[in-house]
Visitor: 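Dumping the structure here so I can ask a few things about it.
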Amino acid sequence: MTDIEKHFKRFLIQGLSLIAAITGIAVAVMYVAAVDGMLVPIIVGAVFALIVESADAIIWRKVATNAPDSLPTFFMAVSGVRMLLALAVMFVYYLAAGKGTMITFFLVFIVYYIILLLHHTLFFAKDRTPAK
C-alpha cells in the first residue's frame, strides 16, 4: 500500500469519525435541551459533510497520484467549492423551509462546515505529497 493510500484512508476515517461525533453531540443537545426543529438540520449537515469529505478525499488521492504538482491548486479549489456548496445548501433550505427555521439550521450547519474546514486544514497542514 502506498503512502497516498494510507493518507487517503486516514483522512476518510478521521472525517467520518468527526462527522459521527458531531452528529451524536447534536442529537444529544437536541434531546437534552429539548430543541425543536433540529433533526432536519442535523441530517442535512451530516449528509453535506459526508458527501464533501468523501469527494475531497477521493479527488485528493487522484490528484496526489496523477499530478502532485497541482496539489496547491487543488487545496485552493476545494475551499472555494466547499463554500459555494454550503451557500447553495443554505439557499435551498431557505427556499424549502422558510425564514422561521433558518437560525437553527444555520447554527447546526455551520458547526459541520467549520469542523470540515478545520479537519481539512489541519490534516493537510504538513506536506502531504508522499511518494507513490
Side-chain angles (χ1 to χ4, degrees):
M1 184 184 308
T2 65
D3 285 345
I4 292 172
E5 287 298 317
K6 288 178 187 176
H7 289 307
F8 168 75
K9 288 182 180 181
R10 195 173 85 200
F11 182 80
L12 269 182
I13 290 170
Q14 286 178 1
L16 296 177
S17 300
L18 282 169
I19 294 166
I22 296 166
T23 303
I25 291 168
V27 168
V29 166
M30 180 179 74
Y31 284 116
V32 170
V35 178
D36 292 333
M38 261 183 81
L39 186 58
V40 173
I42 291 170
I43 293 170
V44 171
V47 169
F48 173 82
L50 287 170
I51 291 170
V52 169
E53 198 77 354
S54 299
D56 188 4
I58 291 167
I59 296 169
W60 173 82
R61 177 177 62 178
K62 197 154 205 73
V63 171
T65 302
N66 298 333
D69 294 340
S70 299
L71 282 171
T73 304
F74 163 76
F75 294 134
M76 295 252 298
V78 163
S79 296
V81 169
R82 183 186 307 119
M83 183 185 67
L84 291 174
L85 286 173
L87 289 172
V89 167
M90 287 189 288
F91 180 68
V92 169
Y93 186 85
Y94 175 75
L95 292 176
K99 188 177 180 179
T101 60
M102 268 321 276
I103 278 292
T104 303
F105 177 78
F106 178 76
L107 291 175
V108 171
F109 188 77
I110 199 71
V111 170
Y112 283 98
Y113 181 82
I114 289 172
I115 295 298
L116 280 181
L117 191 63
L118 287 173
H119 177 242
H120 179 88
T121 302
L122 295 174
F123 188 85
F124 293 112
K126 295 180 182 176
D127 184 25
R128 300 282 184 193
T129 54
K132 293 181 185 176

Visitor: Taking atom CD1 of Ile103 as the centre, does the number of heavy atoms from other residues, nucleotides or ligands within less than 6.0 Å exceed 12?
Guide: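 No - once you tally the heavy atoms of other residues, nucleotides and ligands closer than 6.0 Å, there are 12 at most.
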Visitor: Mind checking the CG-OG1 spacing from Leu50 to Thr23? Nearest 0.5 Å is all I need.
Guide: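 Separation between the atoms: 7.5 Å.
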Visitor: Can you name the closest pair of heavy atoms from Pro41 and Gly37 and give their distance?
Guide: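 What the structure gives for the nearest pair is CD-O, 3.3 Å.
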Visitor: If you take all heavy atoms of Met102 and Met90, which pair is closest and at what distance?
Guide: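 Nearest heavy atoms, Met102 then Met90: CE-O, 3.8 Å.
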Visitor: May I ask you to test the Tyr112-Val44 pair for a side-chain heavy-atom distance under 4.5 Å?
Guide: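 Counting from C-beta outward, Tyr112 and Val44 never come under 4.5 Å.
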Visitor: Between Tyr93 and Thr101, is the side-chain contact (heavy atoms from CB on, under 4.5 Å) condition met? List the steps.
Guide: CA-CA 9 Å; Tyr93 186 85; Thr101 60; 3.5 Å; yes
Visitor: For the residue pair Leu12 and Ser54, what are the closest heavy atoms and their distance?
Guide: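 Minimum heavy-atom contact is CD2-CA, 4.0 Å.
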Visitor: Going from CD1 on Ile22 to CD1 on Ile115, what distance comes out if it is rounded to the nearest 0.5 angstrom?
Guide: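 If I round to the nearest 0.5 Å, the distance is 4.5 Å.
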Visitor: Kindly work out whether a path of hydrophobic side-chain contacts (I/L/V/M/F/W/Y, heavy atoms less than 4.5 Å apart) joins Leu117 to Met76.
Guide: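 No; tracing contacts between hydrophobic side chains, which count when under 4.5 Å, never links both residues.
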Visitor: Going hydrophobic residue to hydrophobic residue with side-chain gaps under 4.5 angstrom, can you get from Ile13 over to Ile58?
Guide: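 No, separate clusters.
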Visitor: Check the angle between the aromatic planes of Phe123 and His119 and answer parallel, tilted or perpendicular using the 30° and 60° thresholds.
Guide: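 It falls in the tilted class, 30° to 60°.
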Visitor: Just how far is it from atom OH of Tyr31 to atom CG of Leu39, taken to the nearest 0.5 Å?
Guide: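 Going from the OH atom of Tyr31 to the CG atom of Leu39 covers 6.5 Å.
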Visitor: Any idea which heavy atoms bring Ala86 and Phe109 closest together, and the distance?
Guide: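 Smallest interatomic distance, heavy atoms only, reads CB-CE2, 3.7 Å.
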Visitor: Nearest 0.5 Å, please: how far is CG in Leu85 from OH in Tyr113?
Guide: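 Reported value, rounded in 0.5 Å steps: 9.5 Å.
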Visitor: Locate the shortest heavy-atom distance separating Ala46 from Ile19; write the atom from each residue and the value.
Guide: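 In terms of heavy atoms, the two residues are closest at O-CG2, 4.2 Å.
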Visitor: Does Phe124 reach the side chain of Trp60, with side-chain heavy atoms less than 4.5 Å apart?
Guide: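 The answer is yes, as the side chains (C-beta and beyond) meet within the 4.5 Å cut-off.
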Visitor: Between Val81 and Leu87, is there a shared hydrophobic cluster once you connect ILVMFWY residues whose side-chain heavy atoms come closer than 4.5 Å?
Guide: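 Same hydrophobic cluster.
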Visitor: Give me each pair satisfying salt bridge (charged side-chain N to carboxylate O under 4.0 Å, His left out) with a member in residues 35-62, each pair once, sequence neighbours excluded.
Guide: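 Sorted result for residues 35-62: Glu5-Arg61, Asp56-Arg82.
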Visitor: Tell me whether Tyr94 is reachable from Val92 by hopping between hydrophobic residues (I, L, V, M, F, W, Y) whose side-chain heavy atoms are closer than 4.5 Å.
Guide: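 Not linked; separate clusters.
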Visitor: What pairs with Thr104 under side chain to side chain donor-acceptor pair (under 3.5 Å), at least two apart in sequence or on another chain?
Guide: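 Per chain and number, Thr104 pairs via side chain to side chain donor-acceptor pair (under 3.5 Å) with no residue.
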Visitor: When you compare the side chain of Phe105 with that of Val89, does any pair of heavy atoms fall below 4.5 Å?
Guide: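 Val89 reaches Phe105 side chain to side chain.
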